[in-house]
Asks: 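Sharing a structure here in structure tokens format.
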Number of protein chains: 2
Amino acid sequence: MKKYRTLFHELILTYRPFETQLNEQLSKHGLHRTQWSVLYYLVMTEFATSVEIARIMGVEKPNIARTMKSLIEMGYVDTIQGQDKREKRLVVTDKGMEIFNEIRTTVDAFEQQLLLDVGEEEQLAFIHTLQKIKRNLSTRSEENK
Amino acid sequence: MKKYRTLFHELILTYRPFETQLNEQLSKHGLHRTQWSVLYYLVMTEFATSVEIARIMGVEKPNIARTMKSLIEMGYVDTIQGQDKREKRLVVTDKGMEIFNEIRTTVDAFEQQLLLDVGEEEQLAFIHTLQKIKRNLSTRSEENK
DNA sequence: TCCATATAGTTAACAATGATAACTAAAACA
DNA sequence: TGTTTTAGTTATCATTGTTAACTATATGGA
């Protein structure tokens, strides 16, 4: 097999099965990746709006609206009218915190399997590079506005 | 914002905009990510079948069939009957090689922008970690068979 | 040699998740 | 006050993954 540059293709080749298997893990708890991500960022931010979550996740509003709708239906999230009457503040319910902690256990175990032979320092370096790439991506998209 | 473990979320948070912007670049040439990936692996392997490409890319056969169909329609790929009559060997046409090289230029430039502040060694370390994770993913999925 | 099984490829249908467009209601600004 | 911006919703579409069911060919064991 020929070669020239491989970083992009390696990234894609790693990410896809990662996503597939992450979804397998999450399906044990009845959630998909996007629902898990949104729930995660809701817990992390504690009192965010849809727009804030969309911004953090780098996706458009309607995606969050759809996912949020399902999380609310499942009873994991509640909305609270903000004092700005356009806003809906989103809070994770007790039930939501419960499933969040359950899933966290599953996901942590999965993550540990994937990082079995990746030392602590190597993990940090990896995250660090990811963040650089992420920053460069957002710089690029800023510039094209 | 709270924190516990971040690697997975960082990966997702980086990959998604990466894919979006990669698609933006590829759209200049009228292709999508999957078409580009398949074309790439066809060029790298030189004389593969759909099944071989599917295995390399870690996706199911119908995905490749669909993508291949579009690449053939666009005149970038041709099929050749293998001596095993079930097989179709796939070859990249001259036109396919042309667009491949054009896109490579675009994609290389894009990649360079994303890796602007990532040194050569850091890039290698990053790929190395990606490959470890990829290997652990495929070990996991082997075990669940 | 013949039958059972495996493999290559296709088609159809569905699910998840991204995007854009068009809209309402509220807020902010000039 | 009137214009513009912002938060959120709904509808719709595109891409890309999956599984199921099928045909045709090859292979391997009784």
Side-chain angles (χ1 to χ4, degrees), chain A residues 12-27 30-39 47-73 77 79-90 137 141 144-145, chain B residues 12-27 30-39 47-73 77-90 137 141 145:
Chain A
I12 295 169
L13 233 45
T14 304
Y15 184 81
R16 289 283 147 196
F18 158 73
E19 187 171 55
T20 303
Q21 291 189 37
L22 176 60
N23 269 322
E24 276 169 26
Q25 294 303 307
L26 294 174
S27 73
L31 289 191
H32 300 121
R33 176 183 59 79
T34 47
Q35 294 168 321
W36 165 240
S37 281
V38 168
L39 189 60
F47 201 62
T49 63
S50 284
V51 167
E52 284 161 13
I53 297 294
R55 196 143 37 213
I56 290 172
M57 292 181 61
V59 297
E60 298 299 322
K61 292 185 293 181
N63 297 306
I64 302 298
R66 176 174 44 199
T67 304
M68 212 56 88
K69 201 176 164 191
S70 69
L71 289 173
I72 290 168
E73 271 169 16
V77 172
T79 58
I80 296 176
Q81 179 70 264
Q83 75 258 60
D84 179 336
K85 280 176 188 167
R86 290 169 305 180
E87 279 183 0
K88 287 184 182 174
R89 291 279 153 190
L90 298 158
L137 280 161
S141 72
N144 297 334
K145 268 187 185 161
Chain B
I12 295 168
L13 232 47
T14 305
Y15 184 82
R16 288 284 145 196
F18 158 71
E19 188 173 54
T20 303
Q21 291 188 37
L22 176 60
N23 270 320
E24 277 170 27
Q25 294 303 308
L26 293 175
S27 74
L31 289 192
H32 300 121
R33 176 184 57 78
T34 47
Q35 295 168 322
W36 165 239
S37 281
V38 167
L39 189 59
F47 201 64
T49 62
S50 284
V51 167
E52 284 161 12
I53 299 293
R55 198 143 36 214
I56 290 171
M57 292 181 62
V59 298
E60 300 299 323
K61 292 185 294 181
N63 296 304
I64 303 299
R66 177 173 44 200
T67 305
M68 211 58 85
K69 201 176 163 189
S70 70
L71 289 173
I72 290 168
E73 270 169 18
V77 173
D78 255 345
T79 58
I80 296 177
Q81 179 71 262
Q83 73 259 62
D84 178 336
K85 281 176 188 166
R86 290 169 305 180
E87 279 183 2
K88 286 185 183 172
R89 293 279 153 190
L90 299 157
L137 280 161
S141 71
K145 270 188 185 160

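Below, all heavy atoms of this structure are taken into account, side chains as well, without hydrogens, waters or symmetry copies. Just so we're on the same page: letters track the sequence lines, and every chain starts at 1. Keep in mind the model is a prediction, meaning the values are calculated, not measured.
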Asks: Round to a whole Å and report the spacing from CD1 of A:Ile56 to P of D:dA7.
Replies: 13 Å
Asks: I need the CZ-P distance between B:Arg55 and C:dG9, as an integer number of Å.
Replies: 10 Å
Asks: For the pair B:Arg66 and B:Glu60, find out whether any cationic side-chain nitrogen is under 4.0 Å from an anionic carboxylate oxygen.
Replies: no
Asks: Provide the closest heavy-atom pair for A:Asn23 versus A:Arg33 in the form atom of the first, atom of the second, distance.
Replies: OD1-N, 2.9 Å
Asks: How many Å lie between CH2 on A:Trp36 and C1' on C:dT17, as a whole number?
Replies: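 My rounded result for the distance is 19 Å.
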Asks: Just wondering, do B:Arg89 and B:Thr79 contact through their side chains at under 4.5 Å, heavy atoms?
Replies: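 Heavy-atom side-chain distance check fails, nothing below 4.5 Å.
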Asks: Between A:Glu52 and A:Arg55 (salt bridge meaning N to carboxylate O under 4.0 Å), is one present in this structure?
Replies: no
Asks: In this structure, how many angstroms lie between the C1' atom of C:dT11 and the CE atom of B:Met68, rounded?
Replies: 16 Å
Asks: How long is the line joining CD of B:Glu87 and P of D:dA26, in whole Å?
Replies: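 Between P of D:dA26 and CD of B:Glu87: 9 Å.
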Asks: Rounded to the Å, how far apart are B:Gln81 CD and C:dA8 P?
Replies: 14 Å
Asks: Return a single string for nucleotides 18-30 of chain C, one symbol per nucleotide in 5' to 3' order, where B is base contact, S is sugar-phosphate-only contact and - is none, cutoff 4.0 angstrom on heavy atoms.
Replies: BBBB---BBS---
Asks: Nearest-Å distance, CD (B:Gln35) to P (D:dA14)?
Replies: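 Distance check: B:Gln35 CD to D:dA14 P gives 14 Å.
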Asks: Expressed as a whole number of angstroms, how long is the span from A:Glu24:CD to D:dG17:C1'?
Replies: 13 Å
Asks: Report yes if the side chains of A:Thr49 and A:Leu90 come closer than 4.5 Å at any heavy-atom pair, otherwise no.
Replies: no
Asks: Using a 4.5 Å cut-off on heavy atoms from C-beta on, say whether the side chain of A:Lys88 contacts that of A:Ser50.
Replies: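 No, their side chains stay 4.5 Å or more apart.
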